[in-house]
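Values reported hereafter were calculated over all heavy atoms of this structure, with side chains retained and with hydrogens, waters and symmetry mates removed. All of these numbers come straight from a predicted model, not from anything done at the bench.
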Amino acid sequence: MNVDLQKAGLWKRIAAAILDFILLSIVAVGACWALNAALGYDAHMQHAESIKAAYEQEYGIPSDANRAEMTAEEQKVYDDAVAKANEALAKDPEAIKAITTMQNLMLIIPTFGILLAILLLEFAVPLLFKNGATVGKFVFGLGLVRSDCVRVNPLQLFTRSLLGKYTIETMIPVYLAVMIFNGSLGIVGLAVIAGILLLQVILYFATRTHSLIHDLMAGTVVVDIASQRIFANDEERIAFSKRLAAEKAERQAY
């Protein structure tokens with residue numbers, strides 16, 4: 001073993017990332033299900049849908065109407081009815097509250113579900129293993145160190161998982177994808193998502209440590225644990241360097 005960075009190979013990192021993604025997805029779905037039950041999302045959704053259905057019935061709007069199949073006159077009647085129903089709905093405090101609550105929960109549940117999954121698997125588990133390894137990294141013999149081969153600390157893991165992986169690499173693309181799906185954002189959203197992916201590829205090949213966004217933010221490096229010497233702290237690293245220097249000087253004396 002030596003003090004050089006034993007950077008992890010690309011294929012090992014990809015395999016570990018795939019396994020971690022699968023586990024994260026499972027945990028995130030479970031967390032979302034638990035939050036859904038705890039916050040009563042289904043009941044709020046049914047309440048909002050029942051209010052909407054009542055207004056549709058009051059203004060004669062068929063729930064299964066297909067505007068594309070209507071004649072021009074039928075479309076005008078349909079559009080007028082929808083406009084009147086929406087106007088009345090906007091003046092109904094109970095309807096506004098029900099719809100707003102449902103929309104807020106649709107945002108809150110996945111946001112916190114993904115957050116809980118990442119904090120568990122990308123922060124708590126690496127702390128437990130004490131070498132920065134997620135489950136995927138552990139399976140494939142990988143771990144994390146600082147760029148000077150010192151063991152990563154909790155602050156670095158928190159920065160890596162919360163600010164890097166969760167905020168920039170996960171939630172920004174997720175929110176942009178939702179906005180694109182809803183039609184409120186077009187090519188700009190796709191460009192930002194593509195830009196983040198392209199930046200990850202560029203950083204991997206351009207940086208000496210093959211670091212992605214989350215690693216650069218936290219100052220961490222993915223390494224091969226089997227061949228990597230990891231110092232517990234700065235004092236141990238400095239003492240080791242002094243010992244090596246002393247041994248080198250002693251050899252040169254002869």
Side-chain angles (χ1 to χ4, degrees), residues 1 4-38 108-175 177 193 196-197 199-201 203-205 207 209-233:
M1 301 178 70
D4 294 330
L5 284 170
Q6 304 300 302
K7 296 182 288 293
L10 176 60
W11 295 112
K12 274 191 174 183
R13 290 184 66 170
I14 290 175
I18 291 174
L19 178 55
D20 282 333
F21 177 78
I22 293 171
L23 294 175
L24 275 168
S25 299
I26 293 171
V27 174
V29 169
C32 287
W33 179 84
L35 288 170
N36 178 82
I108 290 170
I109 289 173
T111 296
F112 282 91
I114 295 172
L115 174 61
L116 290 172
I118 286 181
L119 286 179
L120 175 63
L121 297 180
E122 295 286 345
F123 177 68
V125 169
L127 277 180
L128 182 65
F129 284 143
K130 298 183 179 180
N131 57 12
T134 58
V135 174
K137 287 184 175 65
F138 177 80
V139 170
F140 290 95
L142 306 179
L144 294 176
V145 295
R146 288 179 3 189
S147 57
D148 56 2
C149 302
V150 175
R151 179 178 295 151
V152 295
N153 58 51
L155 179 59
Q156 287 178 296
L157 287 174
F158 188 77
T159 300
R160 188 178 191 270
S161 60
L162 185 67
L163 298 183
K165 288 205 167 189
Y166 175 72
T167 304
I168 295 178
E169 298 174 359
T170 302
M171 295 315 299
I172 289 179
V174 165
Y175 284 146
I193 294 174
I196 292 174
L197 294 174
L199 178 60
Q200 293 284 54
V201 174
L203 288 175
Y204 179 86
F205 289 104
T207 56
T209 54
H210 300 317
S211 297
L212 302 181
I213 294 173
H214 52 265
D215 285 312
L216 288 177
M217 293 182 68
T220 55
V221 182
V222 182
V223 295
D224 190 325
I225 289 296
S227 57
Q228 178 67 57
R229 185 182 190 104
I230 303 177
F231 300 104
N233 48 51

Partner residues of Phe112 under the ring pair (Phe, Tyr, Trp, His ring centres under 6.0 Å) criterion, sequence neighbours left out: none
Minimum heavy-atom distance Phe123-Ser161, with the two atoms named: CB-OG, 3.7 Å
With sequence neighbours excluded, residues passing side chain to side chain donor-acceptor pair (under 3.5 Å) with Arg151: none
With sequence neighbours excluded, residues passing side chain to side chain donor-acceptor pair (under 3.5 Å) with Tyr175: Thr111
Passing option when Leu199 is tested against Ile168, Leu212, Ile213 for side chain to side chain contact (heavy atoms under 4.5 Å, CB included): Ile213
Partners passing ring pair (Phe, Tyr, Trp, His ring centres under 6.0 Å) against Tyr166 (at least two apart in sequence or in another chain): none
Pairing residues for Leu128 by the side-chain contact (heavy atoms from CB on, under 4.5 Å) criterion, not counting sequence neighbours: none
Beyond-backbone contact of Pro173 with Ile196, side-chain heavy atoms, under 4.5 angstrom: yes
Which atom pairs, donor and acceptor, lie under 3.5 Å between side-chain atoms of residues 10-19 and protein residues at least two apart or in another chain?
from: Arg13; atom 1: NH1; to: His210; atom 2: O; distance (Å): 2.6

Full working for side chain to side chain contact (heavy atoms under 4.5 Å, CB included) between Val222 and Leu144: CA-CA 5 Å; Val222 182; Leu144 294 176; 3.7 Å; yes
Heavy-atom closest contact (Gly141 atom, Asp224 atom, distance): O-OD1, 3.6 Å
Beyond-backbone contact of Leu203 with Asp215, side-chain heavy atoms, under 4.5 angstrom: no
Non-neighbouring partners of Phe140 that pass ring pair (Phe, Tyr, Trp, His ring centres under 6.0 Å), sequence neighbours left out: none
Show every donor-acceptor pair shorter than 3.5 Å between a side-chain atom in residues 25-32 and any protein atom, with sequence neighbours excluded, or say none if there are none.
from: Ser25; atom 1: OG; to: Phe21; atom 2: O; distance (Å): 2.8

Any residue meeting side chain to side chain donor-acceptor pair (under 3.5 Å) with Thr209, in chain and number order, not counting sequence neighbours: Ser211
CG on Leu35 to CD1 on Ile109, rounded to 0.5 Å: 6.5 Å
Crowding at CZ, Phe158 (>12 non-hydrogen neighbours, <6.0 Å): no
Those residues that, when tested against Ala38, pass side-chain contact (heavy atoms from CB on, under 4.5 Å) (two or more places apart): none
side-chain hydrogen bond (donor to acceptor under 3.5 Å, both in side chains): pairs with one or both residues in residues 121-140, sequence neighbours excluded: Asp20-Thr134, Glu122-Lys165
Closest non-hydrogen atom pair between Leu121 and Pro126, with its separation: O-CD, 3.5 Å
Sole candidate of Asn153, Leu157, Val152 that passes side chain to side chain contact (heavy atoms under 4.5 Å, CB included) when paired with Leu155: Asn153
Under 3.5 Å: donor-acceptor pair, side chain of Gln228, backbone of Gln6: yes
Any residue meeting side chain to side chain donor-acceptor pair (under 3.5 Å) with Glu169, in chain and number order, not counting sequence neighbours: Gln200, His214
Student check: side-chain heavy atoms of Ile230 and Ile225 closer than 4.5 Å: yes
Minimum side-chain heavy-atom gap Leu142-Val223 below 4.5 Å: no
Atom pair CG/CD1 of Leu162 and Ile118 - distance to nearest 0.5 Å: 8.5 Å
Test item: Gln156 side-chain N/O and Ala218 main-chain N/O as donor-acceptor pair under 3.5 Å: yes
